[in-house]
Enquirer: 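Okay, here's the structure, questions in a sec.
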Amino acid sequence: MKIIDTHSHIYADEFKHDIGDVITRAKQVGVDKILLPNIDSSTIDQLHLLVDNYPNYCIPMMGLHPTSVGDNWKDELAILKEQFSKRSYIAVGEIGIDLYWDKKHEEQQKEAFEEQLRWSIEYNLPVAIHSRNAIWECIESIKKVGSDKLRGVFHSFGGTTEELKEILALQNFVLGINGVVTFKNSSLSTVLKETDLSHIIVETDSPYLSPIPYRGKRNESSYTIKVIEKLAEIYGISPEEVGNITTENAKRLFRIEN
């Protein structure tokens, strides 16, 4: 079974002392590639260093995370867009809107998100969307920029059945499912029964959102196997089938050829 962890921040400081072991453990459970979304200008060097150390295994995205959107967001976007002329990226990400932590820069978040959606069209790349407490707002921005021209993933999906249906109605977007699906207080298992695996890719969001039985500890890419096992339980099929289907979905979305 080959697995793609489609959203992981293993370039973060939490992994600086044992990144080699983290990569080894990921490979041991079948993780074939790890996709790395950026946060802001401060994380570019760390991201690139990991990608250079593990070429064609750790694959970068580039974007401005919504919680990093502040008064200088236009300067940040200028720095990040420049990166696309220097390197190849698999997606524009992590971008979106976050209304959980702070609504002070809500309008700036929307403007930054929509600008980066336009990058996605310009570079013909998918987007990795962060939509905490803001799924409807993200959908509105996608429709405004042009849903027919965009494709991507609603990373760390944990929404309602209604939100799920609205995302899938966009046609070219899938759901990124991580350790949240294993949480006892999560309704995600029930919501996901309203669709099938053709709309799902797996992720960890390392170092965050560790699945049961690792909840509260640092997450890492090898724990994708726990997400796959839970999805197998939900859909009543084998983990191998889940792994194969979600991997093919990820390859199709991100245009991964090998």
Side-chain angles (χ1 to χ4, degrees), residues 1-40 42-43 46-47 49-51 53-54 57-61 63 65-68 90-91 93-96 98 100-101 128-133 153-159 174-189 192 200-234 239 242-243 246-247 250 254:
M1 176 169 55
K2 289 186 176 181
I3 303 166
I4 298 177
D5 180 358
T6 60
H7 196 109
S8 181
H9 301 280
I10 56 169
Y11 56 85
D13 286 344
E14 287 89 340
F15 301 93
K16 63 183 178 182
H17 297 300
D18 66 340
I19 187 60
D21 293 337
V22 168
I23 297 288
T24 297
R25 287 192 291 270
K27 290 180 177 180
Q28 285 172 343
V29 302
V31 175
D32 188 52
K33 295 187 188 302
I34 303 173
L35 310 188
L36 308 174
N38 187 54
I39 300 297
D40 54 39
S42 72
T43 55
Q46 290 170 273
L47 173 69
L49 179 62
L50 186 61
V51 169
N53 286 337
Y54 297 93
Y57 188 80
C58 293
I59 305 177
M61 305 180 194
H65 193 287
T67 62
S68 290
I90 203 162
E94 178 176 355
I95 67 175
D98 186 313
Y100 176 81
W101 293 109
I129 298 175
H130 176 111
S131 57
R132 193 167 188 187
N133 284 20
V153 53
F154 276 73
H155 138 70
S156 195
F157 176 75
V174 299
L175 313 169
I177 303 301
N178 55 36
V180 172
V181 75
T182 70
F183 296 173
K184 292 177 182 177
N185 62 348
S186 171
S187 61
L188 192 52
S189 295
L192 290 181
I200 292 173
I201 60 178
V202 296
E203 60 174 53
T204 56
D205 200 20
S206 302
Y208 315 108
L209 300 176
S210 294
I212 301 295
Y214 306 108
R215 194 172 183 185
K217 299 178 180 179
R218 183 192 71 175
N219 201 0
E220 59 178 72
S221 291
S222 62
Y223 297 166
T224 46
I225 195 68
K226 295 300 179 184
V227 179
I228 284 173
E229 288 171 357
K230 183 64 178 181
L231 289 170
E233 178 187 317
I234 292 169
V242 173
T246 56
T247 295
F254 293 103

Enquirer: Do NZ/NE/NH1/NH2 and the carboxylate oxygens of R218 and E220 come within less than 4.0 Å?
Expert: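 Judged by the 4.0 Å cut-off on N to carboxylate O distance, R218 and E220 do form a salt bridge.
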Enquirer: Compare every heavy atom of T182 with every heavy atom of P211, then report the nearest pair and how far apart it is.
Expert: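 For P211 and T182, the tightest heavy-atom pair comes out as CA-OG1, 3.4 Å.
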Enquirer: Indicate the atoms forming the closest heavy-atom contact of F154 with S131, along with that distance.
Expert: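 Taking every non-hydrogen atom into account, CD2-OG, 3.7 Å.
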Enquirer: Closer than 3.5 angstrom, by distance alone: can the side chain of S210 be matched with the main-chain N or O of N219 as a donor-acceptor pair?
Expert: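 At least one qualifying donor-acceptor pair exists.
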Enquirer: Going by the angle between their ring planes, with limits at 30° and 60°, are H7 and H155 parallel, tilted or perpendicular?
Expert: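 Answer is parallel, since the angle falls under 30°.
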Enquirer: Given M1, which of V242, V31, D32, I225 fulfils the side chain to side chain contact (heavy atoms under 4.5 Å, CB included) condition?
Expert: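 Answer to the side chain to side chain contact (heavy atoms under 4.5 Å, CB included) test with M1 among V242, V31, D32, I225: I225.
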Enquirer: Side chains of K184 and I212, heavy atoms from C-beta outward: is any pair under 4.5 Å?
Expert: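 Of all side-chain heavy-atom pairs linking I212 with K184, none is under 4.5 Å.
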Enquirer: Got a donor-acceptor contact below 3.5 angstrom from the S206 side chain to the I10 backbone?
Expert: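 No; judged by distance alone, with no hydrogens or angles, the pair does not exist.
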Enquirer: May I ask you to check whether over 12 heavy atoms, not counting those of Y208, lie within 6.0 Å of atom OH?
Expert: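 At most 12 heavy atoms, drawn from other residues, nucleotides or ligands, come within 6.0 Å of this atom.
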Enquirer: Could you tell me if the side chain of L175 sits less than 4.5 Å from the side chain of I201, heavy atoms only?
Expert: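 Side-chain contact under 4.5 Å: no.
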Enquirer: Provide the closest heavy-atom pair for S156 versus N178 in the form atom of the first, atom of the second, distance.
Expert: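 Looking at all heavy atoms of both residues, the closest pair is OG-ND2, 3.1 Å.
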Enquirer: Taking C-beta and beyond as the side chain, do I200 and L231 meet within less than 4.5 Å on heavy atoms?
Expert: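 Yes - at least one pair of side-chain heavy atoms lies under 4.5 Å apart.
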Enquirer: Identify the heavy atoms of Y223 and T204 that sit nearest to each other, and give their distance.
Expert: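 Result for this residue pair: C-CG2, 4.5 Å.
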Enquirer: Quick check: do V202 and T6 have side-chain heavy atoms less than 4.5 Å from each other?
Expert: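 With C-beta onward as the side chain, the pair stays apart.
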Enquirer: State, with a plain yes or no, whether a side-chain heavy atom of I39 is found less than 4.5 Å away from one of Y11.
Expert: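 Contact flag for I39/Y11 side chains = yes.
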Enquirer: So, N38 side chain and G63 main chain: donor-acceptor pair closer than 3.5 Å or not?
Expert: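 Pair found, side chain donor or acceptor close to backbone of G63.
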Enquirer: Can you confirm whether I177 sits close enough to L188 that some side-chain heavy atom of one is under 4.5 Å from a side-chain heavy atom of the other?
Expert: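 Heavy-atom side-chain distance check passes, below 4.5 Å.
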Enquirer: Less than 6.0 angstrom from the centroid, inside 45 degrees of the normal: does K27 satisfy that with respect to the ring of Y57?
Expert: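 Satisfied, under 6.0 Å and within 45°.
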Enquirer: Just wondering, do V153 and I129 contact through their side chains at under 4.5 Å, heavy atoms?
Expert: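 No, too far: nothing below the 4.5 Å cut-off.
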Enquirer: Between D5 and E203 (side chain of the first, backbone of the second, donor and acceptor by atom type, cut-off under 3.5 Å), is there such a pair?
Expert: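 No; zero donor-acceptor contacts below 3.5 Å.
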Enquirer: Does any part of the side chain of R25, heavy atoms only, come nearer than 4.5 Å to the side chain of D18, both counted from C-beta?
Expert: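 Yes, their side chains come closer than 4.5 Å.
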Enquirer: Looking only at atom types and distance, does a side-chain atom of S186 sit under 3.5 Å from a main-chain N or O of V181, one as donor and one as acceptor?
Expert: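 Flag not set: sc S186 to bb V181 has no pair under 3.5 Å.
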Enquirer: Checking D98 side chain against W101 main chain: does a donor-acceptor pair fall under 3.5 Å?
Expert: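 At least one qualifying donor-acceptor pair exists.
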Enquirer: Verify, without hydrogens or angle tests, whether S8 (side chain) and I34 (backbone) share a donor-acceptor contact under 3.5 angstrom.
Expert: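 A pair under 3.5 Å: no.
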Enquirer: Determine the minimum heavy-atom distance between I90 and F254, stating which atoms define it.
Expert: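 Residues I90 and F254, closest heavy atoms: CG1-O, 3.7 Å.
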Enquirer: Only one of H65, Q46, E94 forms a side-chain hydrogen bond (donor to acceptor under 3.5 Å, both in side chains) with H9, so which one is it?
Expert: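 When side-chain hydrogen bond (donor to acceptor under 3.5 Å, both in side chains) is applied between H9 and each of H65, Q46, E94, only E94 qualifies.
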